[in-house]
Amino acid sequence: KPDMVPDSLRVLAAVISSDIDADKTAYLVEDSQRTGVPYGLGVDLDGILGNLCMPTAADLDRPGTSPMIGLRSAGLQAAQSVAVNRNQMLSQVYWNQANRAVTAMVKYAIVRLLQAGAWDMPRFLEVAMFGSRAETLRWVSSAYESVMTADDVNPLSGILDGAGDVYQRVCEVRSGLVDDADDLNERLLMMSIPQIVSLQDKLSKKLGGMAALRRMRQGELLVDIPSKEREKPSGERGGRVFVYDRFQTTGVGRQLDAVSPLYGGLKDQHKQLNRVSRVFITPKRFDALDQQARDECAKICVSTLREELGL
């Protein structure tokens with residue numbers, strides 16, 4: 001039963017999922033090494049490991065059975081290094097415009113396969129686990145081509161075998177560019193996959209009224225809406241981190257995000273600058289637009305989004 005979870009398991013769960021969990025500290029370092037982007041290498045892992053501790057009995061007796069772990073105050077800077085470096089990796093790698101474009105291209109093919117009832121999950125897992133990334137991408141592309149119509153475009157064809165035809169951004173719903181960006185993004189997050197597909201079709205028709213974008217085909221325009229669940233820090237959906245003085249063994253600790261306002265600031269920064277919705281079109285369509293036309297595209301997209309969301 002939930003109310004009978006041993007304290008040891010609650011702490012172990014926080015090791016797996018929290019603001020300073022093992023997965024997070026590992027992937028930041030590994031992803032930096034693989035991508036050549038150095039930010040994740042700044043995580044002070046020794047500082048975290050050297051200051052982890054068991055939560056006090058007072059904190060373990062708090063209402064609920066959520067995971068939690070303790071951290072000595074001397075490890076606060078090390079914990080902050082995870083937050084700072086993660087935020088930099090989010091900006092430069094995970095939520096980078098090009099990465100989000102490729103993600104949208106792959107998701108589009110998978111969603112269309114799901115809609116057609118042709119998504120073979122066992123086969124996908126087999127290829128993904130035992131084949132290369134290129135083989136997996138080629139399999140998804142081939143599967144999509146088996147269900148696409150003559151009016152469809154395969155977004156993946158431009159990035160197979162090292163080709164670099166990545167879709168280009170024509171609209172970004174971000175603070176500083178769009179007045180009601182936060183409201184728009186929050187509402188877009190609530191849309192279902194069928195609603196997003198319908199939104200893509202409506203945007204294609206709207207932009208198709210422009211001379212350079214006439215007769216847009218399905219798959220030439222993609223909408224990227226960030227996942228609401230993945231945006232949340234681990235502390236909101238996983239374990240809490242309590243900070244204790246050097247020799248403290250009794251009483252209550254202070255939650256990490258309360259001790260370090262940096263966490264709240266980084267979360268807001270990520271929300272405003274990285275976790276934004278975008279509209280992409282094919283490189284060929286994008287290159288046909290001059291700057292004035294691209295600005296007009298952005299205005300049409302934002303207007304259509306507001307209309308679709310009833311704003």
Side-chain angles (χ1 to χ4, degrees), residues 1-31 39-91 94-95 182 185-186 189 226-275:
K1 296 181 179 179
D3 58 352
M4 298 177 63
V5 177
D7 293 341
S8 58
L9 291 184
R10 295 172 64 188
V11 173
L12 180 59
V15 171
I16 297 172
S17 178
S18 68
D19 282 321
I20 55 173
D21 63 53
D23 175 61
K24 191 176 286 84
T25 54
Y27 76 63
L28 286 173
V29 175
E30 292 173 0
D31 289 349
Y39 300 116
L41 300 176
V43 174
D44 182 5
L45 182 57
D46 289 337
I48 294 173
L49 294 176
N51 288 285
L52 289 178
C53 62
M54 190 74 176
T56 61
D59 282 328
L60 288 168
D61 288 339
R62 290 172 184 255
T65 58
S66 63
M68 63 175 65
I69 195 168
L71 181 75
R72 297 297 178 193
S73 57
L76 183 58
Q77 294 298 323
Q80 290 178 340
S81 75
V82 176
V84 171
N85 285 278
R86 178 173 181 267
N87 194 64
Q88 291 174 321
M89 288 293 285
L90 282 167
S91 177
Y94 308 134
W95 292 81
D182 289 345
N185 280 317
E186 289 300 324
L189 285 171
S227 165
K228 188 175 183 63
E229 179 66 14
R230 287 185 178 274
E231 182 272 332
K232 293 181 181 179
S234 296
E236 292 184 19
R237 52 188 168 86
R240 292 177 292 176
V241 180
F242 289 97
V243 179
Y244 302 101
D245 293 333
R246 183 178 180 183
F247 298 110
Q248 182 179 351
T249 57
T250 61
V252 297
R254 298 165 293 167
Q255 289 200 50
L256 180 59
D257 55 358
V259 177
S260 174
L262 176 67
Y263 273 84
L266 291 176
K267 177 184 175 183
D268 290 340
Q269 183 185 61
H270 171 55
K271 180 178 179 180
Q272 294 174 4
L273 300 181
N274 303 323
R275 190 184 63 82

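In this text, all values refer to a predicted model and were calculated from it rather than measured experimentally.
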To the nearest 0.5 Å, how far apart are [atom1] in [X] and [atom2] in [Y]?
{"X": "F242", "Y": "R254", "atom1": "CZ", "atom2": "CZ", "answer": "12.0 Å"}
{"X": "Q77", "Y": "L262", "atom1": "CD", "atom2": "CG", "answer": "9.0 Å"}
{"X": "D46", "Y": "N51", "atom1": "CG", "atom2": "CG", "answer": "10.5 Å"}
{"X": "T56", "Y": "D61", "atom1": "OG1", "atom2": "CG", "answer": "8.5 Å"}
{"X": "D23", "Y": "S18", "atom1": "CG", "atom2": "OG", "answer": "10.0 Å"}
{"X": "Q80", "Y": "I20", "atom1": "CD", "atom2": "CD1", "answer": "11.5 Å"}

Are the side chains of [Y] and [X] in contact, using a 4.5 Å heavy-atom criterion?
{"X": "P55", "Y": "V11", "value": "yes"}
{"X": "V82", "Y": "D19", "value": "no"}
{"X": "V43", "Y": "K24", "value": "no"}
{"X": "S91", "Y": "Y39", "value": "no"}
{"X": "D21", "Y": "V15", "value": "no"}

Minimum heavy-atom separation for [X] to [Y], with atom names?
{"X": "G251", "Y": "A58", "result": "O-CB, 3.5 Å"}
{"X": "A78", "Y": "G47", "result": "CB-C, 3.6 Å"}
{"X": "C53", "Y": "I69", "result": "O-CG1, 4.0 Å"}
{"X": "S73", "Y": "V243", "result": "CA-CG1, 3.8 Å"}

Using only atom types and a distance under 3.5 Å, with no angle test, would you say the side chain of [X] pairs donor to acceptor with the backbone of [Y]?
{"X": "D245", "Y": "Q248", "result": "no"}
{"X": "R10", "Y": "L60", "result": "yes"}
{"X": "T25", "Y": "A22", "result": "yes"}

*asked:* Among T250, T249, D59, exactly one meets side chain to side chain donor-acceptor pair (under 3.5 Å) together with Y244. Which residue is that?
replied: D59
